[in-house]
2 protein chains.
Amino acid sequence: MDRTTTTGNNPRRPDLSRDNLVDAAIGLIDRDGAGALSIRALADAVGVTPMALYNHFSSKRDLIAAVGERLIRSTQFDGGHGDWREQLRYCFGALRHLCLRHPGLPDLLKLDGVVPEAAYAPMDVTKKALQAQGMSELDSVRTFFLLTGYTLSQAAFQSHPTPALAPTEKVRRERISGRGHGPVDRRDPPPEWDFDASFSFGLGIILEGIEGRIRAR
Amino acid sequence: MDRTTTTGNNPRRPDLSRDNLVDAAIGLIDRDGAGALSIRALADAVGVTPMALYNHFSSKRDLIAAVGERLIRSTQFDGGHGDWREQLRYCFGALRHLCLRHPGLPDLLKLDGVVPEAAYAPMDVTKKALQAQGMSELDSVRTFFLLTGYTLSQAAFQSHPTPALAPTEKVRRERISGRGHGPVDRRDPPPEWDFDASFSFGLGIILEGIEGRIRAR
DNA sequence: ACCTGAACACCGTTCAAGT
DNA sequence: ACCTGAACACCGTTCAAGT
């Protein structure tokens, strides 16, 4: 009765469909990051030829948008039942935790600036909460972009420990920087950096600024 | 006397060096975006073999970091001579305009989370301005990340008009979405969107939030 | 010290062909 | 309607060799 048959000697070969392919794609990025999502790797994962995917997605962009769509649609953003502050904390806390659960997500969305239509769920929460306080629609949309930009950038920052240098790169780096060029090191947050507290602090500042704007109406 | 000789029939072949290569790399990203910066394209642009670049950069990451380093170092961030509000407006206005002048820059920095050391110039401006108002060092660093995340995300958003679909992709999209799958369109800001005003609005909210935090000390 | 050339293991996508 | 196979024009990087 289950039509998910195993053809040939391929371990699992589900029916190809948008839903199944998006499932597999999320598996790839969760295991190995946004860079691991390629048409070829996905085709390999489901036991099919790369070109077969183009019957279900018009391009890699389309695939990425579908992944973002699925992930965002699987999240509830309007769970706060307090005042507007609590609603926004809930909404962007949910967005942040979604990004932390799927560390490849911010990179994926940043790739080519893909913004899935589902992103308008958190936008609607924001607009509703702020317009109820007398803020104009334009300003509430602007505030949405502020909150989203902050949340995504912080989540991306947290999810990106500086990758270790390849051994050959280390050797080249020593050779190059030993000849008059300054070091090109990057600095990371100290290991004891509290990302939760830091995010909460920034969000608090934004909410306080919003409150001032609302009071001044 | 000028040692920038033209060898062979290559139009211009400057001496290879970090500085000259970074110059050429900036030329590439300014003309065709962050995606146009590849080891091979850069080698081609300066008339040399790809592998020659590895005598001057240890990896593509190293090259990207050097580009970011140069661009950020070429900018003045501490030009505001008013109160802390004006100093921060100047600092992050400068960062924003740098990103708009080099639309590939935010993408480049986002790539692998490269943060050039030079980014600590705007951080120092922020710390100095806020600690003078009694804010702790930790909170001023957190505020720096808030301001930077917001500024970069807005600039990236502004620099990324949705690219036109390739003709073949349009055909595939019609075929796919004509069969039960919902459309996977993306929405852009309306064409009359005022990015300057929107950025200024968000920055104002952040500054207002900071002021509240300062007053509550 | 610096550069070349061939090779490896990848990409997204096109095109023509199969069923 | 859906999938394959070969090909194209790309990637970053390794390795061995030249001068």
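Reminder, nothing fancy here: chain letters follow the sequence lines and each chain counts from 1.
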- [ ] Determine whether B:Ile210 and B:Leu146 make a side-chain contact, defined as any pair of heavy atoms from C-beta on separated by less than 4.5 Å.
- [x] no

Open item on the list: For a 4.5 angstrom cut-off between non-hydrogen side-chain atoms, does A:Ser136 reach A:Asp139?
Closed with: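 Heavy-atom side-chain distance check passes, below 4.5 Å.
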
Task: A:His160 side chain to A:Asp107 side chain, donor-acceptor N/O pair below 3.5 angstrom - done: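 Yes, side-chain donor-acceptor contact under 3.5 Å.
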
TODO: For B:Ala94 and B:Thr75, work out which heavy atoms get closest and say how close.
DONE: CB-CG2, 4.0 Å

Task: Taking every non-hydrogen atom, the tightest pair across A:Ser140 and A:Thr126 - done: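 So the two residues come closest at O-CG2, 3.9 Å.
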
- [ ] Applying ring-ring contact (aromatic ring centres under 6.0 Å, His included), run through A:Tyr150 and A:Phe199 and close with a yes or a no.
- [x] CA-CA 9 Å; A:Tyr150 172 64; A:Phe199 175 74; 5.4 Å; yes

Task: Spacing of the C1' atoms in D:dC8 and C:dC10 (rounded, Å) - done: 15 Å

TODO: Taking atom C1' in both D:dA16 and C:dC3, compute the distance separating them and give it to the nearest angstrom.
DONE: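 D:dA16 and C:dC3 have their C1' atoms separated by 13 Å.
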
TODO: Taking only the side-chain nitrogens and oxygens of A:His56, find out if one of them lies under 4.0 Å from OP1 or OP2 of D:dA1.
DONE: no

Task: A:Arg70 and A:Asp19 ion-paired at < 4.0 Å - done: yes

Open item on the list: What is the distance, to the nearest angstrom, from the CD atom on A:Glu174 to the P atom on C:dA1?
Closed with: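 Roughly 14 Å, once rounded to whole Å.
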
Open item on the list: Rounded to whole Å, how long is the line connecting atom CG of A:Asn55 with atom P of D:dA1?
Closed with: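 Atom-to-atom, A:Asn55 to D:dA1, this comes out as 10 Å.
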
Task: Nucleic acid footprint by protein, nucleotides 5-14 of chain C - heavy-atom cut-off 4.0 Å, B for base, S for sugar-phosphate alone - done: B-B---BBBB

TODO: For DNA chain D, just give me the dot-bracket, please: Watson-Crick or G-U, both distances below 3.5 Å, ( ) intra-strand, [ ] crossing earlier pairs, | paired with another strand, . unpaired.
DONE: ||.|||||...|||||.||

- [ ] Could you tell me whether A:Phe157 and A:Trp193 have their ring centroids closer than 6.0 angstrom?
- [x] no

